[in-house]
There are 2 protein chains.
Amino acid sequence: MATRTAAERREEARQAFDAYFAECPSRKLLDRLSDKWVTLVLTALEDGPRRYSDLARRIAGVSQKMLTQTLRGLERDGLVTRTLTPSVPVRVDYALTPLGESLMPLVSAIKGWAERHIEDVEEARRRYDACPGA
Amino acid sequence: MATRTAAERREEARQAFDAYFAECPSRKLLDRLSDKWVTLVLTALEDGPRRYSDLARRIAGVSQKMLTQTLRGLERDGLVTRTLTPSVPVRVDYALTPLGESLMPLVSAIKGWAERHIEDVEEARRRYDACPGA
DNA sequence: CCGTATCCTCCTCGATACTG
DNA sequence: CAGTATCGAGGAGGATACGG
């Protein structure tokens with residue numbers, strides 16, 4: 001009888017892996033970019049600062065909760081700045097930081113690959129779905 | 001009284017947006033790459049074909065369900081091939097397709113940015129968390 | 001105008017058990 | 001060895017209502 005069962009060993013491995021993941025830079029970046037709204041907010045800001053309500057209008061379909069949550073996250077990560085003007089009513093502007101701007105070429109690269117190759121993916125998908133038996 | 005309430009207009013916008021999203025190539029790619037296991041499987045395959053059990057061992061912590069699900073998805077998208085050898089017991093090999101290989105530089109680019117800038121992000125995060133009142 | 005707080009609903013993912 | 005089937009917990013995200 002072993003000191004650990006197979007399940008215990010797997011669980012152990014999973015936890016070690018999660019810990020490894022929490023420390024993996026690429027993973028962190030992917031997690032950020034993969035968020036549904038992050039890239040949209042970033043691209044909405046690439047031409048200059050935008051007001052909160054402006055962003056809400058440009059990114060149609062986003063809920064207040066998600067927009068605020070996304071902006072807070074990006075601000076926390078140092079990718080965007082939040083500038084509050086204490087007029088009445090209040091006015092808040094968001095803008096990309098240099099760090100945020102340095103991320104944009106990456107987004108373009110992704111966009112580029114997708115545009116060049118997505119048709120191949122679609123095609124492969126159709127072929128795969130068309131042949132249930134093989 | 002308007003023909004549509006604000007809520008209805010938002011819902012309408014959300015649906016239109018979801019439809020737009022379903023057609024957005026960059027989005028599709030990001031959704032694929034953002035998956036927890038996808039990049040791991042891809043990098044595990046970059047040095048050549050691997051057997052199913054080999055992948056399961058190399059990618060510690062992955063469940064059978066997730067590994068199979070990930071591989072199926074990648075196969076469907078034409079990024080990996082699945083080769084079944086009908087010996088006893090069965091043997092199955094997975095490998096990157098040319099399309100899958102063309103994606104690897106992108107993964108490297110992400111890795112590169114992350115390694116160069118993740119420290120800045122961490123730093124920004126610490127600063128943000130340290131100052132609750134500003 | 002710019003949020004925060006609460007509730008509630010999918011939907012993903014892991015665990016487990018079984019098959020060719 | 002290489003999967004499939006089923007179930008249940010947990011989190012992400014939307015709707016709604018309220019606050020500075």
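All chains are named by letter (A, B, ...) in the order of the sequence lines, taking the proteins before the strands, and each is independently numbered beginning at 1. Computation of the quantities below employed the complete heavy-atom set of this structure, encompassing side-chain atoms and omitting hydrogens, waters and symmetry-equivalent molecules.
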Would you mind reading off the distance between [X] atom [atom1] and [N] atom [atom2], rounded to a whole angstrom?
X	N	atom1	atom2	answer
B:L67	D:dA2	CG	P	10 Å
A:D54	C:dC1	CG	C1'	13 Å
B:L55	D:dC1	CG	P	14 Å
B:R57	D:dA2	CZ	C1'	13 Å
A:K36	C:dC11	NZ	C1'	14 Å
A:Y52	D:dG20	OH	P	17 Å
B:I59	C:dG14	CD1	P	13 Å
A:M66	C:dC2	CE	P	19 Å

Checklist entry - When the nearest nucleotide of DNA chain C is assigned to B:V90 and to A:L84 on a heavy-atom basis, which residue is associated with the more 5' position? => result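 The residue closer to the strand's 5' end, by nearest nucleotide, is A:L84.
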
Checklist entry - Between B:Q69 and A:R91, who's closer to the 5' end of DNA chain C by nearest nucleotide? => result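 Taking each residue's closest nucleotide, the earlier one in sequence belongs to A:R91.
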
Checklist entry - Is any side-chain heavy atom of B:M104 closer than 4.5 Å to a side-chain heavy atom of B:T43? => result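 Sidechains of B:T43 and B:M104: in contact.
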
Next on the checklist: Nearest to the B:S63 side chain among C:dT4, C:dC7, C:dG14, which nucleotide is it?
Outcome noted: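 Taking heavy atoms from C-beta onward, the closest nucleotide is C:dG14.
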
Item to check | Listed nucleotide nearest any side-chain atom of A:Q64, set D:dG3, C:dG3, C:dG14 | outcome: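 Nearest to the side chain of A:Q64 among the choices is C:dG3.
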
Checklist entry - Do A:K28 and B:E119 pass the salt bridge (Lys or Arg N to Asp or Glu O under 4.0 Å) test, and can you show the C-alpha distance, the side-chain angles, and the key distance before you say yes or no? => result CA-CA 11 Å; A:K28 286 177 185 171; B:E119 197 45 54; over 6 Å; no

Closer than 4.0 Å, any side-chain N/O of [X] to the OP1 or OP2 of [N]?
X	N	answer
A:S53	C:dC2	yes
A:Y94	C:dC2	no
B:R51	D:dA2	yes
A:R82	C:dC2	no

Checklist entry - Do A:V107 and A:V41 share a hydrophobic cluster, counting only Ile, Leu, Val, Met, Phe, Trp and Tyr and linking them when any side-chain heavy atoms are less than 4.5 Å apart? => result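 No; tracing contacts between hydrophobic side chains, which count when under 4.5 Å, never links both residues.
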
Checklist entry - Cluster question for you: counting only ILVMFWY and a side-chain heavy-atom cut-off of under 4.5 Å, with indirect links fine, are B:W37 and B:V92 together? => result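 In one cluster with B:W37: B:V92, yes.
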
Next on the checklist: Can you work out whether A:K65 or B:R72 has the more 5'-proximal nearest nucleotide on DNA chain D?
Outcome noted: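 Its nearest nucleotide being more 5', the pick is B:R72.
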
Item to check | Partner of A:R72 under side chain to side chain contact (heavy atoms under 4.5 Å, CB included), chosen from A:T68, A:L74, A:T70 | outcome: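 Among A:T68, A:L74, A:T70, the one meeting side chain to side chain contact (heavy atoms under 4.5 Å, CB included) with A:R72 is A:T68.
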
